[in-house]
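All values below come from the heavy atoms of this structure, side chains included, with hydrogens, waters and symmetry mates left out.
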Amino acid sequence: MKKYFILATLLAATTLANAAPTLTGKAPLVIGHRGASGYLPDHTLASYRKAIEMGADYIEPDLVSTKDGVLIVRHETTLKDSSDIASRPEFAARKRKFKIDGIEKEGWFTFDLTLAEIKTLRAIQPRADRPQAYNGQFQIVTFDELLTLREEKSKETGREIGIYPETKHSTLHQQLGLPLEEKLVAALAKHGLNHKDAPVFIQSFETHSLKILRKLTPVKLVFLVDGHDVRPDGSIAANRPYDYVISGDPRSYADMMTPAGLHEIRQFADGIGPWKAYLIGWKYKTGADGKIIDLNGDKETDQRDAVLLPPSNLVHEAHKAGLLVHPFTFRNEAGLLASDYKGRPEAEYLAYFALGVDGVFSDFSDTAVAARKHFLTH
């Protein structure tokens, strides 16, 4: 019965759509996650242009700070995986170890370098399974430069492109004396985007950052809901917001996904951005040794060996609390798709659109846009 329900969800999405609409009744948004990061190096102007050309409604930058306090667009404060800094002898002595949200990392950190130094670097594709041909071609981008691109592309395309920035490692930046929030809001104001109807969502994995922002800006705010891993039985190993770790709050992200937790979130945010496993989970078969069984016989164990679980009621409960739901991250790679999807990323989108999600973070905006069109017209 469970299997039948899941397959029916995938193959007859529009039948279920009327029973599980978006919160506003509008079509779900496509959010270009780090631009078109499935095709080009993350967070580059070229990547964002491509996402917009593919039809993304919003583009999503992660924000960190340079040593001299400039907001730049990077997924992490470390530069070793997303730039060519490791091959630059002039920066060799700047490599060091540092704790990021309590976890020791080694490399080069954005807050140790000035903007002028960072501008000499070039972006690279951080994922080995994605195209490497564009490595070394593109500069690292400031938030201001990206906002300028948004304006230009909105005029060029005749449609308002939204911006969806994330305050990355907010507590850490506050500890370093490089807080992100006021500079983010000032940049939005400079570009005429600091008002309640602006095409802006600001997101964070930390509640403290969102509470600060709530006092600074009327734009929409989204609480990101992380998860460390999916256990073989399908349960989520949930971590904790780092501001909770610092304050001693024992709750995990999963603990906040209850009706009471969602009501609390609604006091400081307009939506949630949950890891997609919170909405439709998956599980694995295991042997007597507890190890995952290679279900498809390809001598690897990944999500192709997983089977879907019935959807949770999180979208329903979040909508009931008045919260939008924007799950992350949707990708095309076969190893990231449960066996039920038959290697078809479009089938995964249809399953989530059927639940009534209000938007999706996607590395492949073209696939997301095509799946949404299919969902809305069939």
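Under the 30°/60° scheme for interplanar angles, the aromatic rings of Phe201 and Tyr58 are found to be tilted. In this pair, Phe361 and Phe328 present their aromatic rings perpendicular. The plane angle is above 60°, beyond the 30 to 60° band. Trp275 and Tyr278 have perpendicular rings, their planes meeting at more than 60° on a 0 to 90° scale where under 30° would count as parallel. Taking the six-membered ring where tryptophan is involved, the planes of Tyr352 and Phe330 are perpendicular, since the angle between them exceeds 60° and thus also 30°.
Between the side chains of Ser82 and Arg74, a donor-acceptor pair is found at a separation under 3.5 Å. Under the 3.5 Å distance criterion, with hydrogens and angles disregarded, no donor-acceptor pair is assigned to the side chains of His374 and Glu346. Side chains of Thr148 and Glu152: no donor on one and acceptor on the other come within 3.5 Å. For His169 and Glu206, the side-chain atoms include no donor-acceptor pair closer than 3.5 Å.
Residues Tyr284 and Arg231 have side chains not in contact (no heavy-atom distance under 4.5 Å, counting atoms from C-beta outward). In this structure, Leu262 and Leu323 have side chains that are in contact, with non-hydrogen atoms separated by less than 4.5 Å. Arg94 places a side-chain heavy atom less than 4.5 Å from the side chain of Trp108. Arg304 has its side chain within reach of Asp298: a pair of non-hydrogen atoms, C-beta onward, lies under 4.5 Å apart. Proximity of Ile52 to Ile59: side-chain heavy atoms (C-beta onward) are separated by under 4.5 Å at one or more points.
Note that the NE2 atom of His33 and the CD atom of Glu60 stand 4.5 Å from one another [nearest 0.5 Å]. Of the inter-residue distances, the one linking Leu113 atom CG with Ile140 atom CD1 reads 9.0 Å to the nearest 0.5 angstrom. Taking CG from Asp42 and OG from Ser83, the interatomic distance works out to 12.0 Å, rounded to the nearest 0.5 Å. Here the CD atom belonging to Gln132 is positioned 7.5 Å from the CD1 atom belonging to Ile124, to the nearest 0.5 angstrom.
Hydrophobic clustering, with ILVMFWY side chains joined whenever heavy atoms are under 4.5 angstrom apart, groups Leu216 together with Phe223. The same ILVMFWY cluster, assembled from side-chain heavy atoms under 4.5 Å apart, contains both Ile163 and Leu324. Transitive grouping of hydrophobic side chains (ILVMFWY, heavy atoms separated by less than 4.5 Å) keeps Val222 and Val30 in distinct clusters.
Atom CD of Glu182 is surrounded by 12 or fewer heavy atoms from other residues, nucleotides or ligands within 6.0 Å. Within 6.0 Å of NZ in Lys283 there are 12 or fewer heavy atoms belonging to other residues, nucleotides or ligands. With a 6.0 Å radius and a threshold of 12 heavy atoms from other residues, nucleotides or ligands, His195 has its NE2 atom above the threshold.
Each of Val73, Ile72, Thr167 was scored for a side-chain contact (heavy atoms from CB on, under 4.5 Å) with Leu63, with one residue passing: Val73.
Checked by atom type and distance alone, the side chain of Glu166 never pairs as donor or acceptor with a backbone atom of Ser204 at under 3.5 Å. Side-chain atoms of Thr78 do not come within 3.5 Å of backbone N or O of Lys80 as any donor-acceptor pair. In this structure a side-chain-to-backbone donor-acceptor pair under 3.5 Å is missing from Lys285 to Ile292. Checking side-chain atoms of Thr120 against main-chain N and O of Ala116 turns up no donor-acceptor pair under 3.5 Å. Under a 3.5 Å cut-off, the side chain of Asp302 and the backbone N or O of Leu336 do not form any donor-acceptor pair.
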Please step through salt bridge (Lys or Arg N to Asp or Glu O under 4.0 Å) for the pair Arg127 and Asp81, ending with a clear verdict. CA-CA 9 Å; Arg127 295 175 65 105; Asp81 295 326; over 6 Å; no
Take Glu333 and Arg331 through the test salt bridge (Lys or Arg N to Asp or Glu O under 4.0 Å) and record every step on the way to the result. CA-CA 6 Å; Glu333 286 85 0; Arg331 298 178 166 115; 5.5 Å; no
Can you list the steps and then say if His326 with Val357 is a side chain to side chain contact (heavy atoms under 4.5 Å, CB included)? CA-CA 6 Å; His326 297 160; Val357 299; over 6 Å; no
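Ion pairing between a basic and an acidic side chain is recognised when a charged N comes within 4.0 Å of a carboxylate O; Glu145 and Lys119 show such pairing. A salt bridge is absent between Arg88 and Glu117; no separation between the charged side-chain nitrogens and carboxylate oxygens falls under 4.0 Å. Asp363 and Arg130 are joined by a salt bridge, as a carboxylate oxygen and a charged side-chain nitrogen come within less than 4.0 angstrom of each other. A salt bridge links Arg214 with Asp270: the distance from a Lys NZ or Arg NE/NH1/NH2 to an Asp or Glu carboxylate oxygen falls below 4.0 Å. Salt bridge absent: Lys50 and Glu53 never bring a charged side-chain N and a carboxylate O closer than 4.0 Å. A salt bridge links Arg96 to Asp112: one of the charged nitrogens lies within less than 4.0 Å of a carboxylate oxygen. Salt-bridge annotation for Arg251 and Glu264: present, with a side-chain N of the basic residue lying under 4.0 Å from a carboxylate O of the acidic one.
Between Tyr39 and Tyr134, a ring centre-to-centre spacing not shorter than 6.0 Å is recorded.
A cation-pi contact, defined as under 6.0 Å to the ring centre and within 45° of the axis, links Lys211 to Phe268.
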